[in-house]
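What you see is a predicted model; the values in this text were computed from it and never measured.
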Amino acid sequence: MKRQHLTETEEKQLAQAISEEAKALGLRDQKMPQETKRRIRARALKKILDLRSAPAEEDKTYSWNPGRRR
């Protein structure tokens, strides 16, 4: 997988996902296996990149119509 440049928020999301998985596996003071860490990172990056590529929601409340006459 190509290395991604992440923002601070995305880095925090990734770190949180890794720490939650480590807690779930019961790995407190032990090192996490490299393969497990790689899979968690791939899953978290997929979510982050999906959020990046998602289209922004448009604001439907603003309705300025310049061509409309009163």
Side-chain angles (χ1 to χ4, degrees):
M1 177 178 259
K2 186 177 177 182
R3 178 133 174 98
Q4 298 291 327
H5 295 283
L6 303 176
T7 63
E8 287 184 32
T9 306
E10 293 168 343
E11 285 286 344
K12 287 179 184 178
Q13 288 175 346
L14 183 60
Q16 185 179 6
I18 290 172
S19 67
E20 287 175 358
E21 189 73 23
K23 287 178 186 176
L25 292 173
L27 301 172
R28 283 200 165 203
D29 298 327
Q30 303 169 353
K31 281 189 86 175
M32 184 181 290
Q34 189 69 27
E35 182 63 24
T36 305
K37 196 170 186 178
R38 186 192 62 79
R39 276 189 273 127
I40 296 167
R41 182 175 174 81
R43 225 179 318 155
L45 281 176
K46 184 177 182 327
K47 288 179 185 176
I48 290 169
L49 294 177
D50 286 346
L51 288 175
R52 272 189 192 176
S53 63
E57 293 184 25
E58 294 181 21
D59 187 14
K60 302 288 184 184
T61 60
Y62 185 71
S63 61
W64 181 60
N65 296 321
R68 188 171 153 198
R69 294 185 177 213
R70 293 182 180 197

Query raised in the report: Got a sec, which residues hit side chain to side chain contact (heavy atoms under 4.5 Å, CB included) with Thr7, two or more places apart in sequence or on another chain?
Result: Thr9, Glu10
Query raised in the report: For the atom pair CD (Glu8) and CD (Gln13), what is the distance rounded to the nearest 0.5 Å?
Result: 12.5 Å
Which pairs would a plain distance check flag for residues 18-26, meaning a side-chain donor or acceptor within less than 3.5 Å of a matching protein atom at least two apart in sequence or in another chain?
unit_1	atom_1	unit_2	atom_2	d
Ser19	OG	Ala15	O	3.3
Ser19	OG	Gln16	O	2.9
Glu20	OE2	Gln16	NE2	3.2

Query raised in the report: Do Leu6 and Leu45 come close enough that some side-chain heavy atom pair is under 4.5 Å?
Result: yes
Query raised in the report: Any donor and acceptor pair, going by atom type alone, linking the side chain of Thr36 with main-chain N or O of Met32 inside 3.5 Å?
Result: no
Report task. Check whether more than 12 heavy atoms from other residues, nucleotides or ligands sit under 6.0 Å from atom CD of Glu35, and answer yes or no. Result -> yes
Query raised in the report: Which atoms form the tightest heavy-atom contact between Leu14 and Ala44, and what is the distance?
Result: CD1-CB, 3.5 Å
